[in-house]
Amino acid sequence: MDKPNDLMDKLVSLCKRRGFIFQSSEIYGGLNGCWDYGPLGVELKRNVKNLWWSDVVTSRDDMVGLDASVIMNPRVWEASGHVGGFADPMVDCRKCKGRFRADQLYYAVRQGQSRHGGTVSVGFSAIADKAQDALTAMELQLKKKGRQIREWSSDFEPIRYDQQQSDQTPCPVCGEQECLTAPRAFNLMLKTYMGALEDSSSLAYLRPETAQGIFCNFKNVLDTQRLKLPFGIAQVGKAFRNEINPRNYTFRSREFEQMEIEFFCHPSQADQWYKYWRQARFDWYINLGLGSQRLRLRDHDKDELAHYAANCADVEYAFPFGVSELEGIANRTDFDLKQHQECSGKDLTYYDDQTKERFLPYVIEPSAGVDRSVLAFLCEAYTEDEAPDDKGNPKKRVLMKLHPKLAPIKAAVFPLVKKDGMPEVAHKIYDDLKKRWNVFYDEKGAVGRRYRRQDEAGTPFCITVDGQTLQDQTVTIRDRDSLNQDRIGIDKIASYLSEHLGN
RNA sequence: GCGGGUGUAGCUCAGUGGUAGAGCGCAACGUUGCCAACGUUGCUGUCGUCGGUUCGAAUCCGAUCACCCGCUCCA
């Protein structure tokens, strides 16, 4: 069994070697948190996005698509809460290197008479969600320090560190005085400037999520598409976040791609639709080959829920580096539409002609990370097994067991040898298949080597033209995973692939 | 952001101050003819980057960038 990191190292190496994923701007030393998809990677990623689109948009009659701009009016991000809420000011301890959210760090200073008669002031600190919890924690501390204090002279009121700092605030972990930094904002939105002048009036943001483009177009879609509730709007697109610490290959990138659905429904139906999407999205990954042992659906605890969510579940995958989120499905209630209605001053309510009811729809949001899905599919696909070499001795083989629907190359066509008219026949087959699928032609070197190369690319089928082909117009089709070969007529190749690829 | 590690060919890595290497891969030709075959030939490098020490730096020092691990963080 590989150590977790071994598997990631091998996968990273294979992805580079075969052209799935490269580091961004590699010749300049790379760029933290940014990655490029190579010729095979872009096919895989497009397959993921196209399958998602056809499964949640074009094959349904209650879904439509959208492609909103990356840069939106900055007021959008005030309404969504990203300008204020996306930035959590952090406080660092210079001594013990601890880091705390400033809004969770409370402090209090209290005067007291010491046993020797002098007046002392003692600082307290605690990490807590509420001032009351901080007070409780500080009173415990007070009892310990109280031994040297004869009498406390003032009241005790915890103050949030981000509202008023004090040098007397000790570090809540190591207790050291005068070691905390001022709260520093980590704004997770990338800024840019629209127009030639770089001043505050031209400040704009690269969207941190695609969702707001959907909410802002809710009324447009409703007014133009003759839709009735419940219905959803789907969007695939790039989003940007200043992640404090990009890590784990493409998993936490600063530029990434999302696949998001906002499904609008009557508030009374929200829970039912939440449960529907929660299951539907989980099943989607399983059907594309993510093993159910490594995939899990985790419901958030009530105290874990964001302020806007009534319910939330994460689709999580057990990556080699840990269990991490691929997609979150949330019941966002009417929070977003309400915010935009207030901030824009535009009516975003829905009127139901039959019930004569006017209301703000509730929203179920299945929000998935494209790059995270791709990485999970790659991790799941990486396989080492043994296959016999030309002398029948078992040899290590590396293959990517990608689901055929995801495989960048659907089939490779080879002449067994580069002579006797085999290349011509093989190339004709290749030309025909290319009209319908992404297929690959290779006539160089030993056929075994060509098979193995396709194994690493995740190509599910290899079609080989041999001496017998020239006699009876049949070819062999080799299965990537089992190594089994079927012999079929050239005229049956397309239907064979169609059946086994599922399209 | 903190601490530790790593950075040399497409990949994996050797190379502790004196002419940049190996295996695999890749390309060409020939042989072979169904699973990384054999032979011959060939290609591949700002030794991550910048600066310093030195007669001389892949090697020593400093800075910086990137990746990995552990903390931290992840509306």
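All values derive from a computational prediction rather than experimental measurement. Per chain, numbering begins at 1; letters A, B, ... match sequence-line order.
Across B/C34, B/C11, B/C67, the shortest atom-to-atom separation from the side chain of A/R17 is found for B/C11. Here B/A37 is the nucleotide among B/A75, B/C34, B/A37 with the atom lying nearest to any side-chain atom of A/A446. When distances are taken from the side chain of A/R449 to each of B/A75, B/G25, B/C34, the shortest belongs to B/G25. In the set B/C34, B/A28, B/U72, the nucleotide with an atom closest to the side chain of A/N245 is B/U72. Here B/C11 is the nucleotide among B/C11, B/A36, B/C34 with the atom lying nearest to any side-chain atom of A/S13. Listed nucleotides: B/C67, B/C69, B/U32. Nearest to the side chain of A/W35: B/C67. Looking at the side chain of A/R247, the nearest of the listed nucleotides B/C35, B/U32, B/G1 is B/G1.
Using a 4.0 Å heavy-atom criterion, one finds that A/E209 contacts the bases of the nucleic acid, with or without backbone contacts as well. Residue A/R18 is classed as a base contact, given a heavy-atom separation below 4.0 Å to a base. Backbone-only contact: A/Y249 has heavy atoms under 4.0 Å from sugar-phosphate atoms and none from a base. Using a 4.0 Å heavy-atom criterion, one finds that A/L14 contacts no nucleic acid atom at all. Within the nucleic acid shown, A/E456 comes within 4.0 Å of at least one base atom, counting heavy atoms only. Residue A/S80 is classed as having no contact, given no heavy-atom separation below 4.0 Å to the nucleic acid. Here A/G328 lies out of heavy-atom contact (under 4.0 Å) with every strand.
For A/R478 against B/C35, a side-chain N or O and a base N or O form a donor-acceptor pair under 3.5 Å. Side-chain atoms of A/Q485 and base atoms of B/C34 include a donor and an acceptor less than 3.5 Å apart. Within 3.5 Å, a donor on the side chain of A/Y451 pairs with an acceptor on the base of B/C34, or the reverse.
Under the 30°/60° scheme for interplanar angles, the aromatic rings of A/Y441 and A/Y430 are found to be tilted. Under the 30°/60° scheme for interplanar angles, the aromatic rings of A/H500 and A/Y496 are found to lie parallel.
With rounding to whole Å, A/Q212 atom CD is found 15 Å from B/A75 atom P. To the nearest angstrom, P of B/U64 lies 17 Å from CG of A/L31. For A/N484 and B/C34, the CG to P distance is 17 Å, given to the nearest whole Å. Between A/K418 atom NZ and B/U31 atom P the separation is 12 Å, expressed in whole Å. Rounded to a whole Å, the CG atom of A/D9 is 14 Å from the P atom of B/U6. Atom pair A/Q23:CD and B/G7:C1' shows a separation of 11 Å (rounding to whole Å applied). Following rounding to the nearest Å, A/R207 (CZ) and B/A75 (C1') show an atom-to-atom distance of 18 Å. Atom CG in A/N32 sits roughly 4 Å away from atom P in B/C67 (whole-Å rounding).
Base pairing annotation: B/G45 forms no Watson-Crick or G-U wobble pair, as no partner gives both donor-acceptor distances under 3.5 Å. B/C11 is paired with B/G23 under the Watson-Crick or G-U wobble criterion, all donor-acceptor distances under 3.5 Å. The partner of B/G62 is B/C50, judged by Watson-Crick or G-U wobble contacts that both fall below 3.5 Å. Base pairing of B/C55 is made with B/G18, judged by Watson-Crick or G-U wobble geometry with both donor-acceptor distances under 3.5 Å.
For the pair A/N248 and B/C69, the criterion of a side-chain N or O lying under 4.0 Å from OP1 or OP2 is met. One finds no side-chain N or O of A/K395 lying less than 4.0 angstrom from the OP1 or OP2 phosphate oxygen of B/A37. A sub-4.0 Å separation between OP1 or OP2 of B/C11 and a side-chain N or O of A/K16 is present.
Side-chain contact, A/Y37 with A/D371: a donor N or O sits under 3.5 Å from an acceptor N or O. Side-chain contact of A/Y317 with A/E380: a donor-acceptor pair under 3.5 Å is present, judged by distance alone. A donor-acceptor pair shorter than 3.5 Å can be found between the side chains of A/T474 and A/D472. A donor-acceptor contact closer than 3.5 angstrom links the side chains of A/S367 and A/E260.
When the P atom is compared between B/G18 and B/G56, the two are found 14 Å apart, to the nearest whole Å. The gap from the P atom of B/A20 to that of B/A63 amounts to 28 Å, rounded to the nearest Å. The separation of B/G52 from B/G17, taken at their C1' atoms, amounts to 15 Å, rounded to a whole angstrom. Nucleotides B/A58 and B/G48 place their P atoms 10 Å apart, quoted to the nearest Å. Of the P atoms belonging to B/U54 and B/U46, the separation is 28 Å, rounded to the nearest Å. Comparing the C1' positions of B/U8 and B/G1 gives a spacing of 31 Å, expressed to the nearest Å. Distance noted for atom P between B/C68 and B/C24: 29 Å (whole Å). Annotation: B/C43 and B/G10 have their P atoms spaced 15 Å apart (nearest Å).
Sequence order on RNA chain B of the closest nucleotides to A/V398 and A/G445 puts A/G445 first from the 5' end.
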Decide side-chain contact (heavy atoms from CB on, under 4.5 Å) for A/L483 and A/R478; before the verdict, give the C-alpha distance in whole Å, the side-chain angles of both, and the deciding distance to 0.1 Å. CA-CA 6 Å; A/L483 300 175; A/R478 168 199 185 258; 3.1 Å; yes

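Cation-pi geometry between A/R281 and A/W277 is not met: the NZ or CZ atom fails to fall both under 6.0 Å from the ring centre and inside 45° of the normal.
When the options A/K238, A/K45, A/R372 are evaluated for a salt bridge (Lys or Arg N to Asp or Glu O under 4.0 Å) with A/E257, the one that passes is A/K45.
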